[in-house]
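Okay, structure first, notes after.
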Amino acid sequence: PLGISARLDIPIRFKGKLVGVLCNEHIGPSRSWMLEEQQFGHAIASLVSLALEAVERLQAESAVRKSEARTRLIIDTALSAVVGMDDKGAIIGWNTQAERIFGWTRQEAIGRAMTDTIIPYAHREAHQRGLERFLKTGDGPVLNRRIEITALRRDGTEFPIELAITPLRIENAYTFTAFVDDI
């Protein structure tokens, strides 16, 4: 009824499933589709598939960003100080409660050596030995349990804390998350 005399239908696939069809229609006398026209149609269908993948990737990235922001908000509003450390002893995480308890801002603390920032001088050697032992053997007697010990504020005063440290293996390295309460 529309005078279509030739059609070239090309499937549009996404994740191995047929999600649409690119329909090319010719009105007028009957004709055969040239190879170049067929290749062009396949190229357009491939671009549509790539666009669908890009939209899905953008949606997934947005969901990850929202999840990360939610996690950061939870950690930042926690009642305990949450301090992260890499396997070289540098601070990589510092929430609002850590700022309040220890007196260092997040910007000041990130990248500093944990030993020079919140560990009293009397405990620094034991901390370093414990880190080295854990990295060699996977054994850490103070890990994954609560202990009472002293910590150091920015002004140099020592104070008692409850401390729980959790090691996390990420790719080929460890990070450590400490939960600290001023007691």
Side-chain angles (χ1 to χ4, degrees), residues 14-17 19 49-183:
F14 180 60
K15 293 185 175 182
K17 294 181 182 176
V19 296
S49 294
L50 289 172
L52 291 172
E53 288 177 20
V55 166
E56 183 179 65
R57 186 174 42 256
L58 287 173
Q59 289 171 340
E61 289 171 357
S62 175
V64 166
R65 279 192 303 277
K66 285 179 184 175
S67 177
E68 287 174 347
R70 194 170 30 257
T71 301
R72 275 193 305 273
L73 182 61
I74 290 168
I75 290 171
D76 211 38
T77 58
L79 297 177
S80 298
V82 181
V83 178
M85 183 185 82
D86 67 14
D87 58 2
K88 302 201 180 17
I91 296 171
I92 58 172
W94 193 263
N95 75 346
T96 302
Q97 285 298 328
E99 288 183 345
R100 188 183 63 73
I101 291 172
F102 296 107
W104 298 89
T105 67
R106 181 185 328 242
Q107 293 79 14
E108 292 169 328
I110 299 293
R112 288 181 56 92
M114 183 76 73
T115 53
D116 298 338
T117 309
I118 64 173
I119 299 174
Y121 186 77
H123 300 300
R124 291 178 182 178
E125 188 177 319
H127 167 78
Q128 191 59 39
R129 279 194 322 266
L131 177 59
E132 290 169 4
R133 179 178 52 235
F134 176 80
L135 294 174
K136 285 181 186 174
T137 67
D139 180 46
V142 300
L143 300 176
N144 297 310
R145 63 189 199 102
R146 293 182 187 277
I147 64 169
E148 289 185 12
I149 194 165
T150 57
L152 188 66
R153 286 194 173 90
R154 183 179 188 160
D155 66 9
T157 58
E158 292 186 26
F159 63 104
I161 61 168
E162 182 179 71
L163 173 68
I165 304 170
T166 305
L168 300 169
R169 186 169 179 86
I170 299 176
E171 296 176 5
N172 293 331
Y174 280 96
T175 63
F176 302 86
T177 303
F179 299 89
V180 181
D181 289 301
D182 181 349
I183 55 173

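Keep in mind the model is a prediction, meaning the values are calculated, not measured. Positions are given from 1 along the sequence. Every heavy atom of this structure was used, including side-chain atoms; hydrogens, water molecules and symmetry mates were not.
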Could you grab the distance from atom CD1 of Ile161 to atom OG1 of Thr150, nearest 0.5 Å is fine?
7.5 Å

Can you give me the closest heavy-atom contact between Asp155 and Thr157, atom names plus distance?
OD1-OG1, 2.7 Å

Ser49 versus Phe14, closest heavy-atom pair with distance:
O-CD1, 4.2 Å

Hey, could you give me the CG/OG1 distance between Leu135 and Thr137, rounded to the nearest 0.5 Å?
8.5 Å

Take Ile149 and His127 through the side-chain contact (heavy atoms from CB on, under 4.5 Å) test and state the conclusion after the steps.
CA-CA 12 Å; Ile149 194 165; His127 167 78; over 6 Å; no

Minimum heavy-atom separation for Val180 to Leu163, with atom names?
CG2-CD1, 3.8 Å

Quick test of your reading: applying side chain to side chain donor-acceptor pair (under 3.5 Å), list the pairs with at least one residue in residues 173-183, sequence neighbours left out, ordered by first then second residue.
Ser80-Asp181, Arg153-Asp182

Does Phe159 CZ have over 12 foreign heavy atoms under 6.0 Å away?
yes

Determine whether Ile165 and Met85 make a side-chain contact, defined as any pair of heavy atoms from C-beta on separated by less than 4.5 Å.
no

Considering all heavy atoms, the nearest Arg124-Thr115 contact:
NE-O, 2.8 Å

Using 0.5 Å steps for rounding, measure from the CD atom of Gln107 to the CD atom of Glu99.
6.5 Å

Identify, with sequence neighbours excluded, every residue that meets side-chain hydrogen bond (donor to acceptor under 3.5 Å, both in side chains) alongside Arg133.
none

Any side-chain to backbone donor/acceptor pair from Thr117 onto Ala113? Under 3.5 Å, distance only.
yes

Min side-chain heavy-atom separation Thr96-Thr77 under 4.5 Å
no

Checking side-chain contact (heavy atoms from CB on, under 4.5 Å) for the pair Leu152/Ile119: CA distance, chi angles, key distance, verdict?
CA-CA 6 Å; Leu152 188 66; Ile119 299 174; over 6 Å; no

Look at atom CD of Glu125 and say whether more than 12 heavy atoms of other residues, nucleotides or ligands are closer to it than 6.0 Å.
no

Report the distance from atom CG of Asp87 to atom CD of Glu132, rounding to the nearest 0.5 Å.
12.0 Å

From CA spacing to verdict: side-chain contact (heavy atoms from CB on, under 4.5 Å), Met114, Phe176
CA-CA 11 Å; Met114 183 76 73; Phe176 302 86; over 6 Å; no

Can you tell me if Leu73 has over 12 outside heavy atoms packed within less than 6.0 Å of its CG?
yes

For the side chain of Asn95 and the backbone of Val82, is there at least one donor-acceptor N/O pair under 3.5 Å apart?
yes

Tell me, do Leu50 and Glu53 make a side-chain contact under 4.5 Å, heavy atoms counted?
yes

Within the side chain of Arg112, is there an N or O that forms a donor-acceptor pair under 3.5 Å with the backbone of Ile91?
no

State the CD-CD distance between Gln59 and Glu56, to the nearest 0.5 angstrom.
7.0 Å

Residue pair Gly93 / Ile110: nearest heavy atoms and the distance that separates them:
N-CD1, 3.6 Å

Parallel, tilted or perpendicular: which describes the rings of Trp94 and Phe102, with under 30° parallel and over 60° perpendicular?
tilted

Quick one: closest heavy-atom pair of Arg146 and Ala164, and the distance?
CG-CB, 4.3 Å

